[in-house]
Amino acid sequence: MQPQPATPENIEKAAQILRSGGLVAFPTETVYGLGADATNGVAVARIFEAKGRPRFNPLIVHVASVDAARSYAALDERALLLAGRFWPGPLTLVVPLRPQSGLSELVTCGLPSVGLRVPSQDTAQALLREAGVPIAAPSANRSGHVSPTCADHVAADLGSQVDFILDGGPCRAGVESTIVGLTGERAVLYRPGALAREDIEAVLGEGLEAPPSRTAAPTSPGQLASHYAPRAKIRLNASGAEPGETLLAFGPDAPQTALNLSRSGDLREAAANLFAYLRKLDGEGAATIAVMPIPQTGLGEAINDRLARAAAPRPVHRAASSA
Ligand code: TXA
Ligand code: MG
């Protein structure tokens, strides 16, 4: 399947495919998602199958509005505060599932909570409204691989396994949504992402806690050690490239010839470029990618999180042990 432009006709076609149990890859402001009707268990199972994803990972459910979110989950005061401020946008809230929500158990993996998000990207919004069903969607890449930030990445990874690929251009943010858990007394940061921790904490008026330590079944693939991995090895905090390495630079003090995540040192620009540049260097056959240090503030937390996972030792059977 080749990517199709996000025209009204194609969005209608994609919505029809979703309603009849098919898989549609679509753009969001973070990364491309591999979507299925979240109320259709067979369709959701196809997501796991297409990605080669371990079944213990719950999926994010995308909805068009806060009102739609409220029909699947109980949103308390904190959730409504964050939703009011950051939805539509790159924030996922893990909140208590409503009984008889109608969502497939495969989406939540039987947990009493669900991850919900309202994307802001135009095509994603149009698709949700046209489809009229909640869309379960992880990133549209093979399990463990780098997340797709343009339609061609999806076609390269999953082209033969999706029924439709909507091309809405490159993703603005380029890293996944920030995941905040609101099922307990304290708000938990499950995954740093495209919305900076500082912005969330400012609205909540409290700090975000670290997730409970890893248990037998990780609740977030972001919590698996090796994830978001290119083929090349990754060396972090490099001041320059050693012989045999390819430099992935950041900031103004880097060699002009190196690929630079952001020459001006802008963390948003770096986040937007991260996955595409890892793919590019991989495609050029780099054996080791040496990455210059990225500051740990704002979106730097999400960038460093993804880089650390990309650099982690790889499991031998990746498909069986990461998502
Ligand atoms: O930006 C994004 O979030 C992208 C785009 C497509 O929206 N989606 C994405 O989905 O990254 P995925 O499935 O790759 O990551 C979803 C994360 C997983 O780590 C999953 O474990 C977590 O959300 N999650 C979903 N429901 C959860 C729950 N009930 N409790 C804890 N974590 C949950
Ligand atoms: Mg992913």
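Whatever order the structure lists them in is the order used to number ligands and atoms, beginning at 1. Since the structure is predicted, the reported quantities are computational estimates derived from the model, not experimental observations.
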Is it the case that over 12 heavy atoms from other parts of the model lie below 6.0 angstrom from the [atom1] atom of [X]?
X    : atom1 : answer
E201 : CD    : yes
E284 : CD    : yes
R268 : CZ    : no

Just to be sure I'm reading this right: ignoring hydrogens, which of [options] gets closest to [atom]? Compare them by their nearest heavy atoms.
atom                    : options               : result
atom 8 (N) of ligand 1  : A137, G33, P211, P112 : A137
atom 26 (N) of ligand 1 : P90, A73, G115, S139  : G115
atom 16 (C) of ligand 1 : L97, I60, L91, L34    : I60

With respect to [X], determine whether any N or O atom, backbone or side chain, lies less than 3.5 Å from an N or O atom of ligand 1.
X    : answer
S113 : yes
H62  : yes
K51  : no
T92  : no
T30  : yes

Side chain to side chain contact (heavy atoms under 4.5 Å, CB included) between D199 and T178, intermediate numbers included: CA-CA 11 Å; D199 295 345; T178 302; over 6 Å; no
Check: R172 side chain, A272 main-chain N or O, donor-acceptor pair, under 3.5 Å: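 It does not hold such a pair.
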CA sep, side-chain torsions, deciding dist, call: I60, S177, side chain to side chain contact (heavy atoms under 4.5 Å, CB included): CA-CA 10 Å; I60 290 176; S177 62; 3.9 Å; yes
Under 4.0 Å from a heavy atom of [X]: give me the atoms of ligand 1 that qualify, with their elements.
X    : value
R117 : 1 (O), 2 (C), 3 (O), 5 (C), 7 (O)
V114 : 29 (N)
L111 : 28 (C), 29 (N), 30 (N)
S177 : 1 (O), 2 (C), 3 (O)

Any I179 heavy atom less than 4.0 Å from ligand 1: yes
Test item, N57 contacting ligand 1 (heavy atom, 4.0 angstrom):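 No; N57 lies far enough from ligand 1 that no heavy-atom distance drops under 4.0 Å.
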The Mg ion (ligand 2) to nearest N/O/S of S139 less than 2.8 Å: yes
Pair R306, S147: side-chain N/O donor-acceptor within cut-off below 3.5 Å: no
Shared hydrophobic cluster, V133 / L59 (ILVMFWY, side-chain heavy atoms < 4.5 Å):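 No, V133 does not connect to L59 through the hydrophobic network.
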Pairwise side-chain contact, D163 with M1, heavy-atom cut-off 4.5 Å (strictly under): no
Intermediate values then yes/no, side chain to side chain contact (heavy atoms under 4.5 Å, CB included), H145 and R279: CA-CA 10 Å; H145 202 211; R279 275 182 191 260; 4.0 Å; yes
